[in-house]
Amino acid sequence: PSSGHLLEVSGLRVAYGAVEALKGVDLTVGKGQIVTLLGANGAGKSSTLNALVGLAAKKAGRVVFDGHDISGLAPEQIVRCGMTLTPEGRRIFPSLTVDEHLMLGGAMHKARGNIAEVREDMLERFPILKERLGQKAGSLSGGEQQMLAIARAMMSSPDLLLLDEPSLGLAPQVVDLIFDLIAGLRQRGLTILLVEQNVSLSLDIADAGYVMANGRVVLAGTAAELRNSSEIRGAYLGA
Ligand code: ATP
């Protein structure tokens with residue numbers, strides 16, 4: 001689109017019964033960027049990602065993706081438009097093999113033709129998954145499961161990947177590896193909206209970010225602006 005934004009969200013509201021989780025969220029994600037969503041537990045970050053892919057009860061708001069209004073679409077239609085979520089907690093099926101997970105991800109592909117090609121690309125990018133193709137996912141380490149969750153999402157060939165807390169529960173070296181992989185995916189032209197508790201690392205790889213509190217965006221800026229802001233330094237970076 002002419003704005004250069006791959007994603008434009010305005011007035012997004014989500015409620016779970018009486019709980020108003022999002023009270024009107026506006027944000028944009030530029031093509032090829034990594035944009036990070038920061039904020040305390042319960043601020044509404046996961047609800048934002050889930051609502052974007054049609055998984056949370058959206059009450060109001062407009063979601064424009066690649067110039068098209070996708071506000072009313074079902075999750076599987078949104079995936080076919082090119083937006084995919086790697087959910088918080090990875091949602092791996094312990095008794096399915098690594099390859100079965102990749103095939104599941106590929107089932108939602110935009111253009112069914114080149115699934116084999118995408119699979120080869122993923123196995124090259126995540127060599128540990130290639131070694132473990134026939135293994136049940138329940139036997140993988142936490143970091144390997146996170147890689148599998150990302151690779152599964154990538155099997156739909158998204159233009160925009162929504163990543164919810166990829167570092168959750170992982171050792172620091174493993175987190176570094178996952179972040180390197182995320183940065184590598186962006187280098188290939190993927191656009192990423194990243195929810196992360198690890199503020200320092202996510203500002204390192206992000207171009208821009210939003211800080212949420214109580215269902216609203218309370219601060220927005222480039223990664224450098226956020227890193228230097230007194231709010232971020234006080235609340236997250238221990239300065
Ligand atoms: P976290 O990092 O803990 O996931 P978050 O910023 O992602 O936090 P959300 O998970 O989006 O925040 O939660 C926003 C608000 O909505 C919180 O008050 C939460 O308790 C509430 N909430 C989230 N999911 C549900 C649900 N399924 N049912 C009821 N309330 C929910």
Side-chain angles (χ1 to χ4, degrees), residues 7-29 34-63 65 70-71 73-75 78-79 83-92 142-143 145-146 149-150 152-153 158 160-172 174-175 178-179 182 191-206 208-221 223 226-227 229 231-238:
L7 182 72
E8 296 181 78
V9 180
S10 49
L12 187 62
R13 305 176 79 95
V14 165
Y16 306 101
V19 179
E20 259 199 287
L22 298 185
K23 299 165 185 164
V25 168
D26 301 332
L27 60 88
T28 58
V29 179
I34 296 181
V35 172
T36 185
L37 273 187
L38 309 172
N41 284 339
K45 307 177 301 292
S46 295
S47 294
T48 302
L49 297 193
N50 291 338
L52 289 176
V53 296
L55 290 175
K58 192 145 47 58
K59 296 294 172 203
R62 192 156 179 267
V63 180
F65 179 65
I70 62 159
S71 309
L73 298 188
I78 294 173
V79 173
M83 187 187 334
T84 305
L85 170 71
T86 300
E88 184 172 1
R90 323 197 228 287
R91 309 286 170 86
I92 291 300
Q145 290 189 4
Q146 183 59 56
I150 294 173
R152 174 182 58 188
L160 175 62
L161 179 66
L162 310 179
L163 262 173
D164 201 348
E165 305 256 6
S167 78
L168 199 71
L170 303 180
V174 181
V175 172
I178 298 280
F179 270 69
I182 294 170
T191 304
I192 297 169
L193 181 55
L194 171 69
V195 165
E196 247 304 321
Q197 294 290 335
N198 192 325
V199 172
S200 183
L201 263 184
S202 65
L203 287 176
D204 278 348
I205 65 166
Y210 294 88
V211 181
M212 296 185 67
N214 300 313
R216 291 193 168 92
V217 170
V218 292
L219 189 63
L226 292 178
R227 185 177 280 291
S229 76
E231 291 95 328
I232 292 282
R233 292 164 71 90
Y236 300 105
L237 299 177

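Please read these numbers as outputs of a predicted model, since none were measured by experiment. Just follow the structure's listing: the first ligand is 1, and inside any ligand the first atom is 1.
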Go through ligand 1 atom by atom and flag the ones less than 4.0 Å from a non-hydrogen atom of [X].
{"X": "Ala21", "result": "14 (C), 15 (C), 16 (O)"}
{"X": "Ala43", "result": "5 (P), 6 (O), 12 (O)"}
{"X": "Glu165", "result": "2 (O)"}
{"X": "Gln197", "result": "2 (O)"}
{"X": "Ser46", "result": "4 (O), 5 (P), 7 (O), 10 (O), 11 (O)"}

Polar side chain donor-acceptor pair, [X] to [Y], under 3.5 angstrom:
{"X": "Ser167", "Y": "Glu196", "result": "yes"}
{"X": "Glu165", "Y": "Asn198", "result": "no"}
{"X": "Tyr210", "Y": "Thr48", "result": "no"}

- Which protein heavy atom lies closest to atom 14 (C) of ligand 1, and at what distance to 0.1 Å?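 Nearest neighbour among protein heavy atoms for atom 14 (C) of ligand 1, to 0.1 Å: Gly42 O, 3.3 Å.
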- Closest protein heavy atom to atom 11 (O) of ligand 1, given as residue, atom name and distance to 0.1 Å: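 Answer, as residue, atom name and distance: Ser47 OG, 2.6 Å.
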- Below 4.0 Å from any atom of ligand 1, is there a heavy atom belonging to Ala40?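 Within the 4.0 Å threshold, so yes.
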- Query: Mind checking whether Gly44 has a heavy atom under 4.0 Å from ligand 1?
  - Reply: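 Right, Gly44 reaches ligand 1.
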- Task: May I ask whether atom 31 (C) of ligand 1 is less than 4.0 Å from at least one protein heavy atom?
- Result: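 Yes, because at least one protein heavy atom sits under 4.0 Å from atom 31 (C) of ligand 1.
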- Verify atom 20 (O) of ligand 1: protein non-hydrogen atom under 4.0 angstrom away: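 No; the ligand atom in question lacks any protein heavy-atom contact below 4.0 Å.
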- Message: Under a 3.5 Å distance rule, please check whether Thr36 uses its side chain to pair with a backbone N or O of Leu194 as donor and acceptor.
- Response: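 Checking the backbone N and O of Leu194 against the side chain of Thr36, a donor-acceptor pair under 3.5 Å is found.
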- Item | Interatomic distance, Ile78 atom CD1 to Met83 atom CE [nearest 0.5 angstrom] |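 Answer for the CD1-CE pair, Ile78 versus Met83, is 6.0 Å.
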- Heavy-atom contacts under 4.0 Å between Met212 and ligand 1: side chain, backbone, both, or neither?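 Met212 to ligand 1: no contact under 4.0 Å from either part.
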